[in-house]
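Chain letters run A, B, ... following the sequence lines, proteins first and then strands; every chain starts at 1.
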Amino acid sequence: MTTTTATRAALLVLADGRFPAGGHAHSGGAEAAIAAGRVSDPASLEAFCRGRLGTAGLVAAALAAAAAAGANPLLLDEAADARTPSPALRMTARKLGRQMMRAARACWPSPALDALAAARPRGAHQPVVLGLAAAAAGLGPLDAAHAAAYEAVSGPATAAVRLLSLDPFDATAVLARLAPELDRVAELAVAAAESALDDLDALPAASAPLLEIAAEAHAAWPVRLFAS
Amino acid sequence: MHLDHPETYPQRYAAAPSRQRRAPTPSSAPTTRPDGTRRALRIGLGGPVGSGKTATVAAICRQLREELSIAVVTNDIYTREDAEFLLRNAVLPAERISAVETGACPHTAIRDDISANLEAVEDLEESVGPLDLVLVESGGDNLTATFSKGLVDAQIFVIDVAGGDKIPRKGGPGVSTADLLVVNKTDLAPLVGADLEVMARDARAQRGELPVTFTALTEPDGIAPVVAWVRERLACWTAAA
Ligand SMILES: Nc1nc2c(ncn2[C@@H]2O[C@H](COP(=O)(O)OP(=O)(O)O)[C@@H](O)[C@H]2O)c(=O)[nH]1
Ligand SMILES: [Mg+2]
């Protein structure tokens with residue numbers, strides 16, 4: 001599926017780090033990784049982002065692509081649950097899904113978004129909502145996958161700038177270096193989503209155990225700057 | 001000088017010349033709950049760290065909690081500090097206080113991306129509502145931090161005399177456009193050499209007709225002028241229903 005030039009700009013709106021869907025308060029696991037000393041400079045940030053992209057990022061991108069391609073969002077929501085072992089991360093994904101829903105309905109009102117909001121008033125998994133939002137904006141599965149994959153790395157990079165006082169040019173250069181891999185993950189995700197449309201069990205289920213474990217620990221910190 | 005046209009700016013316009021500052025405009029957030037009843041009035045409290053926002057929230061709650069159903073959302077930089085202060089002092093029961101994380105960017109959470117705060121407000125309405133009043137305390141920030149009209153119906157900006165009597169003159173969107181400017185800790189004015197007259201004059205120059213009040217929360221009933229203002233806002237809110 002390709003993006004038509006008519007809808008290209010909508011992808012910029014959706015993927016903009018300033019899109020008001022709550023992402024700014026989430027570090028994508030970076031706060032926990034930084035506290036543990038696993039991320040401390042641009043090189044370790046890049047390694048962290050690459051790992052997240054290939055695991056949680058791929059799963060999110062495939063879920064978003066499948067949602068944009070018309071798969072049943074409620075079944076996708078269950079598939080997302082099954083692929084998110086950490087209860088804290090499941091809660092985070094639903095919180096962010098609810099927030100994405102609010103912003104998406106304001107930007108691209110659609111019956112599909114309304115139906116999912118009614119069925120999951122406390123929030124569906126964020127990538128599922130993202131995929132429906134993309135479709136509502138006239139975008140295709142590849143666009144949805146790109147947005148989800150980009151978010152998987154842009155969140156941690158922004159958080160690292162705030163938490164480590166990392167040079168923002170270095171952090172953004174990390175994202176730029178990851179761009180070809182982002183493209184590849186988005187394409188993989190779309191291919192996986194298309195072949196899984198009849199059997200959602202076949203969606204990617206890559207996971208990063210350390211991200212899941214650290215998310216549980218992070219959720220129990222008495223004091224933290226980021227919600228996840 | 002660019003002239004502001006009151007009719008054409010439905011929302012606060014931070015760059016308006018002070019002479020043209022005017023009565024607060026309503027929030028852009030829907031004013032009803034999903035079931036159609038009028039939702040709680042939402043008041044935001046902003047201002048620098050340590051100026052007395054939490055003390056103000058606590059004092060308002062103590063004064064009004066018998067007659068009104070109140071909830072508080074805190075946006076502390078370190079998520080729990082303010083909420084725990086309110087709990088420790090038994091200002092409100094725990095289920096009426098909610099803390100929101102702001103990703104080290106307190107102004108973003110009250111202005112640019114209000115999602116988490118809106119969600120907290122709605123969750124409180126759902127769990128302990130119906131509410132009459134929701135107070136949203138910003139994590140302390142600089143003088144440019146203001147609340148989005150999508151989040152609150154009115155905002156109080158709290159500064160203190162210990163921050164220096166030049167703060168009203170420095171202005172900024174908080175000082176010049178908040179619906180109420182509170183200059184707190186007047187009890188410390190003699191100790192820090194702050195001139196309250198100068199602060200009042202500068203505030204008037206920045207704010208035009210918008211109200212300013214001086215408080216010493218250490219005094220018995222020091223919160224009275226703020227509570228009176230909140231009552232007025234509540235009366236307008238319910239009258240508009
Ligand atoms: N002397 C004096 N201290 C005050 C007054 N109001 C608050 N404080 C103190 O100032 C400190 C900061 O207050 P707080 O409400 O936590 O500030 P916030 O950061 O704006 O929420 C606390 O130690 C309060 O007890 C006041 O009117 N006079
Ligand atoms: Mg406080």
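When all heavy atoms of Asp113(B) and Ala21(A) are compared, the closest pair comes out as OD2-N, 3.2 Å. For the residue pair Arg162(A) and Ala104(B), the shortest heavy atom distance occurs at CD-CB, 4.2 Å. Shown here for Pro20(A) and Asp112(B), the closest heavy-atom pair between the two residues is CB-O, 3.7 Å.
Glu84(B) does not touch chain A: none of its heavy atoms, backbone or side chain, sits under 4.5 Å away. Of the two parts of Ala227(A), the backbone and the side chain both hold a non-hydrogen atom closer than 4.5 Å to a non-hydrogen atom of chain B. Interface remark: Leu118(B) contributes backbone and side-chain atoms alike to the contact with chain A (heavy atom separation under 4.5 Å).
Within a 6.0 Å sphere centred on CZ of Arg177(A), other residues, nucleotides and ligands contribute more than 12 heavy atoms.
Looking only at distances, no side-chain donor or acceptor of Ser27(A) sits under 3.5 Å from a matching main-chain atom of Gly103(B).
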Run the numbers on Arg122(A) and Asp123(B) for side-chain contact (heavy atoms from CB on, under 4.5 Å), then give the verdict.
CA-CA 9 Å; Arg122(A) 318 269 329 153; Asp123(B) 283 350; 3.5 Å; yes
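The NE2 atom of His24(A) lies 6.0 Å from the OG1 atom of Thr108(B); values are rounded to the nearest 0.5 Å. Ser115(B) contributes atom OG, which lies 13.0 Å from atom CE of Met101(A) (distance to the nearest 0.5 angstrom).
Contacts with chain B were tallied for Arg102(A), Met100(A), Glu31(A); Arg102(A) has the most, counting heavy-atom pairs under 4.5 Å.
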